[in-house]
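These notes are about the structure you will find just below.
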Amino acid sequence: MASPAQTQVPTTPARARIGARTLRTDRWWLSPLLTSVGLGVFVVYATVRSFMRSGYWAAEEHYLTPFYSPCLSTSCVPGSSHFGTPLGELPGFIPLAFLSLPFLLGFRLTCYYYRKAYYRSVWMSPPACAVAEPHGKYTGETRLPLIVQNAHRYFFYAALIITIVNTYDAIVAFQGGFGLGNVILLVNVVLLWCYTVSCHSCRHVTGGRLKHFSKNPVRYRIWTQVSKLNTRHMQFAWITLASLMLTDLYVWLVSTGTIADLRFVN
Ligand code: FES
């Protein structure tokens, strides 16, 4: 029989009491700072552009910016409504793409990568490894508003439809000939596809809940390709923010006559 000394649970030394917020001496704050600046620039640009209601359709070249797609209202300038105008007039304070913007916003906000980015940089929970967070308690994604993060897969389905719409816009733009704007619109939709398909929810849709990959070779193959793209999801998240802004800016400048589109075929 074991003696009392032998059955004693081993104790570990108490955790060190450190008064400082962190003992890190490197520039740990740089990454959250850059992330905040990058996200902030996009949010401000996209908000301003979405409410402007001008410079979104280059009539001669048939370029429509993704920030106004699909344009389903009679308030849209003639030619920009590729799917008709079932919505009638919209008051000036409502963005013309109000049907797609909330879903796109929801898709990005609940994205696994962006969560990591803004939890660290904006919410500071935690700001970096070995740096204490300023919040008193942690409830995770178990209550409002963060419980909405669990709806990411539904935003993924909506984003899939919107990416198809953007692809259609890029294809019908060729009715206006072939110019640099066509290349920009096409590159943008290819990148949007990469971002959308590399989503973690897409990975789950294609290969999740399978017990035997060998019995589902097609889904396994698709899942393998999606998984490869998934390793670059963070890069696609940032690249598409830039490509969306650049595409919009180009259409804006061409549509207002500020610059001329570089034409290859008229
Ligand atoms: Fe990033 Fe789904 S879009 S994880």
Side-chain angles (χ1 to χ4, degrees), residues 31-32 34-43 45-47 50 65-67 69-70 97-128 140-170 185-210 219-248:
S31 175
L34 291 177
T35 305
S36 296
V37 170
L39 293 178
V41 166
F42 180 81
V43 168
Y45 180 89
T47 306
S50 299
T65 165
F67 288 179
S69 177
F98 80 101
L99 272 184
S100 58
L101 290 179
F103 292 106
L104 285 180
L105 191 67
F107 185 49
R108 297 258 169 181
L109 271 181
T110 59
C111 164
Y112 287 34
Y113 166 67
Y114 286 113
R115 277 189 231 181
K116 179 183 115 178
Y118 67 74
Y119 282 176
R120 288 183 184 178
S121 60
V122 180
W123 192 239
M124 307 284 220
S125 180
E141 295 170 346
T142 57
R143 56 180 74 171
L144 277 172
L146 293 185
I147 199 167
V148 177
Q149 305 284 27
N150 295 296
H152 183 64
R153 80 191 70 168
Y154 303 109
F155 286 119
F156 163 72
Y157 297 132
L160 211 53
I161 295 169
I162 298 166
T163 307
I164 293 171
V165 168
N166 292 153
T167 307
Y168 182 78
D169 294 337
L185 286 171
L186 264 186
V187 169
N188 182 52
V189 288
V190 168
L191 291 170
L192 286 178
W193 274 113
C194 290
Y195 174 65
T196 309
V197 172
S198 65
C199 167
H200 291 69
S201 291
C202 181
R203 200 165 165 261
H204 179 73
V205 167
T206 54
R209 293 178 179 272
L210 285 184
R219 283 185 67 184
Y220 175 63
R221 185 168 280 217
I222 296 171
W223 176 83
T224 309
Q225 298 308 319
V226 168
S227 298
K228 279 185 195 159
L229 273 180
N230 180 263
T231 61
R232 309 223 175 278
H233 192 60
M234 181 184 85
Q235 285 91 328
F236 291 132
W238 281 109
I239 292 170
T240 47
L241 283 194
S243 74
L244 278 167
M245 284 195 289
L246 282 174
T247 305
D248 176 78

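One-based numbering, in listed order, for ligands and for the atoms of each. Source: prediction; values computed, not measured.
Ring centroid separation for the pair Y195 and F107 comes in under the 6.0 Å cut-off. Y112 and H200 have their aromatic ring centers within a separation under 6.0 angstrom.
A side chain to side chain contact (heavy atoms under 4.5 Å, CB included) with S243 is found for exactly one of V187, V190, L191, namely L191.
For CZ of R219, the number of neighbouring non-hydrogen atoms (other residues, nucleotides, ligands) closer than 6.0 Å is greater than 12. The environment of W193 atom CH2 is dense: over 12 non-hydrogen atoms of other residues, nucleotides or ligands sit within 6.0 angstrom.
Here 2 is the count of protein N, O or S atoms positioned under 2.8 Å from atom 2 (Fe) of ligand 1, waters not counted.
Annotation: salt bridge (charged side-chain N to carboxylate O under 4.0 Å, His left out) contacts of R232 (sequence neighbours excluded): none.
Between the N150 side chain and the I147 main chain, a donor and an acceptor come within less than 3.5 Å of each other.
Contact annotation: Y114 has no heavy atom less than 4.0 Å from any atom of ligand 1.
With ligand atoms numbered from 1 in the order given, ligand 1 contributes 1 (Fe), 3 (S) to contacts under 4.0 Å with heavy atoms of Y195.
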